[in-house]
Amino acid sequence: MESGMVSVDRWTAGSQVYFLTHLHADHLCGLTSKWSRGPLYCSRITAKLFPIKFPDFDLSLLRIVEIGHWHSVSLLSPSCGSYTDVDFMAIDAHHCPGAVMYLFRGEFGCTLYTGDFRWESTSERAQTGRTMLLKAMKDVKLDMLYLDNTYCNPTYCFPSREAAAKQVLNIISSHPNHDVIIAVDTLGKENLLLYISRVLKTKIWVWPERLQIMHLLGFHDIFTTKTSVTRIRAVPRYSFNIETLEGLNTIRPTIGIMPSGLPWAPRAFRGKEKLSSESPPVLLHNRWPTDVTTSSTSSKPNGGSLSAGRDDHYIYTVPYSDHSCFPELQKFIEFVMPINIKGIVSSSASNVDPLYHFGSLCRIQQASVLLCQSLRNKRYEKVGVINMRSSFGCTGTMQLGRKRRKRQISSAGIHVSRVRLLRRERQGVKIVDTDPD
DNA sequence: GCGATCAGAT
DNA sequence: CACATCTGATCGC
């Protein structure tokens with residue numbers, strides 16, 4: 001697509017219309033309540049949740065894209081100076097509430113931007129998306145696929161969320177007298193919590209801001225902010241660590257559950273000591289058979305498989321992910337048959353360029369050339385170039401601005417805490433309820 | 001002083 | 001290693 005027309009999850013100047021796939025913070029960089037660069041298209045659920053993230057946002061700028069319906073907007077083509085129609089459709093991304101992919105069609109051809117997405121074959125909801133996509137792309141070739149390449153590496157292989165949820169349930173059931181804390185973000189993994197609540201017939205504690213989101217999503221009698229009524233709590237992921245668990249265990253026996261597609265144990269769970277050089281990290285995936293059933297044998301506290309001490313005795317990692325794993329990405333690409341692919345996540349070495357693994361599934365001739373370029377870019381990425389969220393027709397890269405100057409003089413503590421308090425005021429207080437009182 | 005934005009940590 | 005998020009430092013205004 002030509003530059004200067006459409007941006008997806010990218011909020012720099014220069015586009016005529018802007019699309020948001022979902023409300024996770026890493027897709028909102030640059031977006032603020034003072035937004036005025038143009039209309040912002042999003043799903044209905046995202047629009048409903050929008051004021052929580054951006055309280056003072058001018059809601060008249062929001063345009064709701066109904067899932068499964070074609071919409072159209074007339075945009076000025078910067079090159080020929082005339083207007084051209086861009087048709088677009090939102091399709092359920094099965095990521096977090098409100099998350100969608102966008103399919104664009106116009107003179108430029110056909111482009112699909114997945115945003116973050118999960119492509120499970122099992123659920124009925126997934127089948128709906130499949131049918132929708134098939135119908136929308138009937139008779140056209142997909143020229144460009146912008147792909148969620150979070151787990152674009154064959155080592156990333158994990159079961160369906162349904163299977164992972166059963167693992168979580170087994171872990172909880174095998175600790176009938178323990179409190180349980182589950183790490184979640186501000187949005188996402190609701191179905192896991194709903195499943196636990198339904199099977200165990202119990203409410204689940206969440207922090208106040210999260211309860212507000214649950215209510216907006218229509219879950220009214222399942223979640224609570226009263227700690228006394230349940231032994232199961234969903235806590236912010238950033239507050240979930242060994243120290244928290246140890247603190248809780250001085251009060252009551254408590255286990256922690258970390259739902260994550262990441263194959264490595266997060267550093268927070270490894271204890272303070274460094275991994276010794278003669279014992280390299282072990283892939284936790286060795287404990288995650290892809291055909292997991294309800295058997296609980298695959299889940300053990302993390303302590304055993306890594307060289308960390310027994311600090312992480314209480315923590316279980318379960319492969320519950322809202323991103324597609326590698327085999328799912330492969331199936332997805334075989335399904336949509338794109339001519340070219342670009343990854344939308346590109347800030348680290350572990351996010352492999354999709355063309356490396358899937359180039360052979362594309363119809364482009366210059367895959368190897370593009371790969372070389374891409375690897376070269378990656379090598380220099382940390383030196384001076386940041387890859388941005390992809391924007392059609394744009395290079396996707398920009399120079400780093402000013403160099404940050406390190407100052408010897410640190411700020412006064414008063415200023416620091418003020419900044420934090422202001423942020424909390426805006427975004428809602430994080431409350432973990434880990435204090436023993 | 002304030003908001004924006006970055007790097008770094010979890 | 002980094003899923004998304006928070007924190008603190010520093011920049012420009």
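Convention: sequence-line order gives letters A, B, ...; per-chain numbering from 1. All values below were derived from every heavy atom in this structure, side-chain atoms included, with hydrogens, water molecules and symmetry-related copies excluded.
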Here the distance between atom C1' of C:dC3 and atom CD1 of A:Ile344, to the nearest Å, is 13 Å
Whole-Å distance, A:Phe240 CZ to C:dT5 C1', equals 15 Å
Whole-Å distance, A:Trp11 CH2 to B:dG3 P, equals 22 Å
Testing C:dT5, B:dT10, C:dA4 for proximity to the side chain of A:Arg237, the answer is C:dA4
Mark yes or no for a side-chain to base donor-acceptor pair under 3.5 Å between A:Ser260 and C:dC3, with no hydrogen or angle criteria applied.
yes
Practice task
Taking atom types as modelled, find out whether A:Thr244 and A:Asn241 have a side-chain donor-acceptor pair closer than 3.5 angstrom.
Solution key: yes
Among B:dT10, C:dA4, C:dT5, the one nearest any side-chain atom of A:Asn241 is B:dT10
Secondary structure of DNA chain B per the Watson-Crick/G-U criterion (both distances under 3.5 Å; [ ] crossing, | other strand, . unpaired) is ||||||||||
For A:Phe88, the ring pair (Phe, Tyr, Trp, His ring centres under 6.0 Å) test, sequence neighbours excluded, returns A:Phe19, A:Tyr41, A:His71
- Can you tell me if the side-chain N/O atoms of A:Ser239 get under 4.0 Å from OP1 or OP2 in B:dT10? no
For the CD atom on A:Glu66, are there more than 12 heavy atoms of other groups (residues, nucleotides or ligands in this structure) within a distance under 6.0 Å? yes
With a cut-off of less than 4.0 Å, is there a side-chain N or O of A:His95 near OP1 or OP2 of C:dC3? no
More than 12 non-hydrogen atoms from neighbouring residues, nucleotides or ligands closer than 6.0 Å to CZ on A:Arg44, yes or no?
no
Atom OH of A:Tyr238 and atom C1' of B:dA9 are separated, to the nearest Å, by 14 Å
In whole angstroms, the gap separating P of C:dA4 from CG of A:Leu23 amounts to 13 Å
Whole-Å distance, A:Tyr151 OH to C:dC1 P, equals 15 Å
Could you check whether A:Thr186 gets within reach of a base, just the sugar-phosphate, or nothing at all, counting any heavy atom under 4.0 Å? sugar-phosphate
Quiz item: In terms of the angle between their ring planes, are A:Tyr18 and A:Trp11 parallel, tilted or perpendicular, with boundaries placed at 30° and 60°?
Solution: parallel
Between A:Asp148 and A:Arg118, does any NZ, NE, NH1 or NH2 come within less than 4.0 Å of an OD or OE carboxylate oxygen? no
Which of C:dT5, C:dA4, B:dA4 is nearest the side chain of A:Lys34? It is B:dA4
When rounded to whole Å, the CD to C1' distance for the pair A:Glu190 and C:dA4 reads 14 Å
Is there a side-chain contact between A:His24 and the phosphate of C:dA4, meaning an N or O under 4.0 Å from OP1 or OP2? yes
Between CG of A:Asp26 and P of B:dG8 the distance, given in whole Å, is 18 Å
Q.
Using 30° and 60° as the class boundaries, would you call the ring planes of A:His178 and A:His175 parallel, tilted or perpendicular?
A. perpendicular
